Amino acid sequence: MKYYRINNSIKIQSARIIDENGENLGVMPIAKAQEIANYKNLDLVEINPNSNPPICKIINFGKFLYQQQKKIKKTKKSKLKTIKIGFTTSSHDLSIKAKKATEFLNKNNPVKIELILKGRQKGLKELAKQKIEEILKLIEVDYKIESPFKTMPHGITLIIVKK
């Protein structure tokens, strides 16, 4: 969790102030912004200390922390889903696996496509990449490749996520 300076622990002289409604009040001394926050029974929170000038917000700090924790929980819900295909998987089976990948992507889960190679198939890595590209063409959702082709001892993997 990120650490935020609030009220009297803010050590800068002036900052860009944003009120509780999201409106920009402009650059002003911290003392004046603190007076405004106290008048409204809210907290002055340093949101971005690295910008020039630093940005402070007049908000309810407890409510702000709760919303930040909710955002973190939402991002943790997506789990990596794996779809395994073989070198000799038929086109019909590929279309079924592509539909499953589409479902996973629609639920905002990243998808790992894994092509398993056995024996002499390990020498045909270019054909294996073409097989993965074939399944990628069948996926019906806009996606982006998160990690490119990785050669593993047992095959080739690729991770995609929804745009």
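The structure displayed is predicted, hence computed values, not measured ones. Numbers here simply count residues along the sequence, with the first being 1.
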For [X] against [Y], the heavy-atom pair lying closest together:
| X | Y | result |
| --- | --- | --- |
| Ile55 | Ile18 | CG2-CD1, 3.7 Å |
| Thr89 | Ile85 | OG1-C, 3.8 Å |
| Ile83 | Lys97 | CD1-O, 3.4 Å |
| Lys131 | Gly86 | CE-O, 4.0 Å |
| Asp19 | Glu23 | OD1-N, 2.8 Å |
| Ser14 | Pro54 | O-CD, 4.1 Å |

Atom pair [atom1] ([X]) and [atom2] ([Y]), whose distance is rounded to the nearest 0.5 Å:
| X | Y | atom1 | atom2 | answer |
| --- | --- | --- | --- | --- |
| Phe64 | Tyr4 | CZ | OH | 4.0 Å |
| Glu103 | Lys81 | CD | NZ | 10.5 Å |
| Ser91 | Ile96 | OG | CD1 | 10.0 Å |
| Cys56 | Ile6 | SG | CD1 | 11.5 Å |
| Glu46 | Lys57 | CD | NZ | 14.0 Å |
| Ser95 | Lys137 | OG | NZ | 15.0 Å |

Checklist entry - In the hydrophobic clustering that connects Ile, Leu, Val, Met, Phe, Trp and Tyr at side-chain heavy-atom distances below 4.5 Å, which members other than Ile10 occupy its cluster, ordered by chain and number? => result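 Besides Ile10, the cluster holds Ile12, Ile17, Leu25, Met28, Ile30, Ile36, Leu42, Leu44, Ile58.
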Next on the checklist: So does Phe61 get a backbone contact from the side chain of Asp43, meaning a donor-acceptor N/O pair under 3.5 Å?
Outcome noted: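 Checked: pair present.
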Item to check | Exam field: side chain Gln69 to backbone Tyr66, donor-acceptor pair closer than 3.5 Å | outcome: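 No; zero donor-acceptor contacts below 3.5 Å.
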Checklist entry - Side-chain heavy atoms under 4.5 angstrom apart, residues restricted to Ile, Leu, Val, Met, Phe, Trp, Tyr: same cluster for Leu80 and Leu105? => result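 Shared cluster, no.
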Item to check | ILVMFWY cluster, Ile116 and Leu127 together (side-chain gap under 4.5 Å) | outcome: no
Would you be so kind as to tabulate the donor-acceptor pairs closer than 3.5 Å made by side chains of residues 138-163, with sequence neighbours excluded?
{"unit_1": "Tyr143", "atom_1": "OH", "unit_2": "Leu136", "atom_2": "O", "d": "3.4"}
{"unit_1": "His154", "atom_1": "NE2", "unit_2": "Glu114", "atom_2": "OE2", "d": "3.1"}

Next on the checklist: Quick one, Lys125 and Leu117 - any side-chain contact, counting heavy atoms below 4.5 Å?
Outcome noted: yes
Next on the checklist: Does Glu35 form a salt bridge (charged side-chain N to carboxylate O under 4.0 Å, His left out) with Lys32? I'd like the steps, not just the answer.
Outcome noted: CA-CA 5 Å; Glu35 287 176 21; Lys32 185 175 179 185; over 6 Å; no
